[in-house]
Amino acid sequence: MDPPILTYEFFSRDTNVVAKKLIGTKLVKTIRNNNRKITLSGIIVETEAYGYKSDEASHAYRGMTTRNMVMFGPVGRTYIYFTYGNHYCFNVTAKSKNQIAGAVLIRGVEPKEGIEYMKDYRNLDDIMLLTNGPGKITQAFGIDKQYNNQDLTNINNDLYIVKGFIPNLVLATKRIGIKKSIHVYKRYILASKIENKIFINQFVSKKKENNHFHICRLL
DNA sequence: CGCTCGATATTCT
DNA sequence: GAATATCGAGCGA
């Protein structure tokens, strides 16, 4: 029995809360190879929340455009965009009733199933570098613009997110790779505390910004 | 290691 | 025409 899929209600909460709660869940994509069903999956270990008018770094900051309109629509959908002429980024739309737009960027994943296929998509052997970054995840999972605005809450689709485990510790840090609104803590990373020492998950994208964080325990 | 820099196309001004 | 929610090669220490 597969773990339960994340529902519309899961994503129908404050974008920051959803970004936090997504840590420890599992991203799943099914593909077909020689008429066999193959599962690619990985634990989400790093996310960032992007909002609306109060968030200058968000694509939705200046209002609705053809690119960002998914952020204004129903929650639990994919928001995929192309950036730097090279990479796709994978987001999930999420917002509460009183929020106008919002999405969560998936920045880091720990590969679980279908690793050989991910290596093939990435043309790379090193597991540690397979999915530790937003552009790497979409390449490893074979996700491109075609997957924009897909419903992630339908088990019949080939892309969805299922429940995982409750993390020992989640850290909130400043978001990275942006120039505006850099002082808010809307990036969440998986960590664990063992004998009073904090360990950051190895598949979090490596950046010096990891050095400063707010400790943020789940539940 | 860590830092700098170029590639590359879509989007928005 | 400028900016970009990135990546990896290539450098130097």
Side-chain angles (χ1 to χ4, degrees), chain A residues 11 14-16 18-20 22-23 27 42 44-73 75 77-95 99-109 111 118-149 152 161 171-190 200 202-213:
Chain A
F11 298 105
D14 184 279
T15 313
N16 277 300
V18 174
K20 198 184 307 174
L22 276 172
I23 301 296
L27 176 65
I44 295 174
V45 301
E46 179 182 6
T47 61
E48 281 179 357
Y50 286 90
Y52 183 46
K53 288 227 183 291
S54 60
D55 187 0
E56 212 181 345
S58 173
H59 286 172
Y61 174 63
R62 292 172 203 283
M64 192 159 64
T65 65
T66 47
R67 176 175 67 164
N68 68 21
M69 55 188 270
V70 184
M71 288 180 75
F72 293 78
V75 300
R77 302 284 189 95
T78 53
Y79 169 44
I80 316 263
Y81 64 87
F82 189 65
T83 191
Y84 287 104
N86 286 296
H87 311 284
Y88 295 98
C89 287
F90 173 81
N91 300 250
V92 192
T93 59
K95 58 190 167 75
Q99 291 178 301
I100 306 295
V104 178
L105 171 67
I106 310 300
R107 286 194 61 92
V109 159
M118 295 186 193
K119 287 181 176 177
D120 198 38
Y121 279 134
R122 290 270 293 127
N123 194 25
L124 188 78
D125 251 359
D126 189 346
I127 294 182
M128 299 310 294
L129 301 177
L130 224 44
T131 52
N132 61 335
K136 300 178 185 180
I137 292 169
T138 51
Q139 192 181 21
F141 278 78
I143 296 171
D144 60 15
K145 198 71 195 289
Q146 279 190 309
Y147 281 85
N148 191 39
N149 202 12
L152 286 166
I161 304 175
L171 307 179
T173 83
K174 294 172 181 176
R175 295 175 294 186
I176 58 188
I178 55 173
K179 298 227 170 77
K180 300 165 189 163
S181 297
I182 58 175
H183 296 303
V184 289
Y185 287 71
K186 292 187 172 189
R187 171 171 174 253
Y188 300 93
I189 62 183
L190 177 60
I200 295 173
Q202 292 297 297
F203 293 91
V204 167
S205 62
K206 296 278 184 264
K207 300 277 178 185
K208 63 180 178 188
E209 281 89 343
N210 282 356
N211 293 339
H212 304 290
F213 47 74

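Just so it is clear: chains get the letters A, B, ... in the order the sequence lines come, proteins before strands, and each one is counted from 1.
Formation of a donor-acceptor pair under 3.5 Å by the A:S58 side chain with backbone atoms of A:G51 is found in this model. Side-chain N or O atoms of A:E48 include one that pairs as donor or acceptor with a backbone N or O of A:I176 at under 3.5 Å. Under the 3.5 Å distance criterion, the side-chain polar atoms of A:N86 are matched with a main-chain donor or acceptor of A:Y84. A donor-acceptor pair under 3.5 Å is formed between the side chain of A:T78 and the backbone N or O of A:Y147.
Relative ring orientation between A:Y79 and A:H59 is described as perpendicular, the plane-to-plane angle rising above 60° on a 0-90° scale split at 30° and 60°.
One atom, NZ of A:K180, and another, P of B:dT13, lie 9 Å apart when rounded to the nearest Å. Distance, A:I137 CD1 to C:dC7 P: 8 Å, rounded to whole Å. Rounded to a whole Å, the CG atom of A:L105 is 13 Å from the C1' atom of C:dT4. For A:D144 and B:dA9, the CG to C1' distance is 15 Å, given to the nearest whole Å. Note: CG (A:L129) to P (C:dA9) measures 10 Å, nearest angstrom. When the P atom of C:dA5 is taken as reference, atom CD1 of A:I80 falls 16 Å away, rounded to whole Å. Counting to the nearest Å, the P atom of C:dG8 and the NE2 atom of A:H87 are 7 Å from each other. Atom P of nucleotide C:dC7 and atom OH of A:Y88 are separated by 15 Å, given to the nearest angstrom.
OP1 and OP2 of C:dA3 both lie 4.0 Å or more from every side-chain N or O belonging to A:R67. Considering only side-chain N and O atoms, A:R187 lies nowhere under 4.0 angstrom from the phosphate OP1 or OP2 of C:dA5. The side chain of A:T83 contributes no N or O atom lying less than 4.0 Å from OP1 or OP2 of C:dA5.
Mapped onto DNA chain B by nearest heavy atom, A:N86 and A:K145 fall at different nucleotides, with A:N86 at the one closer to the 5' end. Each of A:K136 and A:Y79 has a nearest nucleotide on DNA chain C; the 5'-most of these lies closest to A:Y79.
Note on residues 118-144 of chain A: pairs passing salt bridge (charged side-chain N to carboxylate O under 4.0 Å, His left out), not counting sequence neighbours, are A:E116-A:K119.
Residue A:K179 places its side chain closer to C:dT4 than to any other of C:dA5, C:dT4, B:dC12.
Note on A:K186: nothing from the nucleic acid sits closer than 4.0 angstrom, heavy atoms only. Using a 4.0 Å heavy-atom criterion, one finds that A:I178 contacts the sugar-phosphate atoms exclusively.
A stacked arrangement is not assigned to A:F82 and the six-membered base ring of B:dT10, the conditions of a centre distance below 5.5 Å and an interplanar angle below 30° not being jointly met. An aromatic stacking contact between A:Y84 and the base of B:dA9 is absent, as defined here by ring centres under 5.5 Å apart and ring planes under 30° from parallel.
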*Fill in the dot-bracket string of DNA chain C, one character per base: . for unpaired, | for a pair to another strand, ( ) or [ ] for pairs within the strand, taking Watson-Crick or G-U pairs under 3.5 Å.*
||||.|||||||.
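Shown are A:I44, A:I23, A:T173; of these, the side-chain contact (heavy atoms from CB on, under 4.5 Å) with A:Y188 is made only by A:I23.
Centroid-to-centroid, the aromatic rings of A:Y52 and A:F72 come within less than 6.0 Å.
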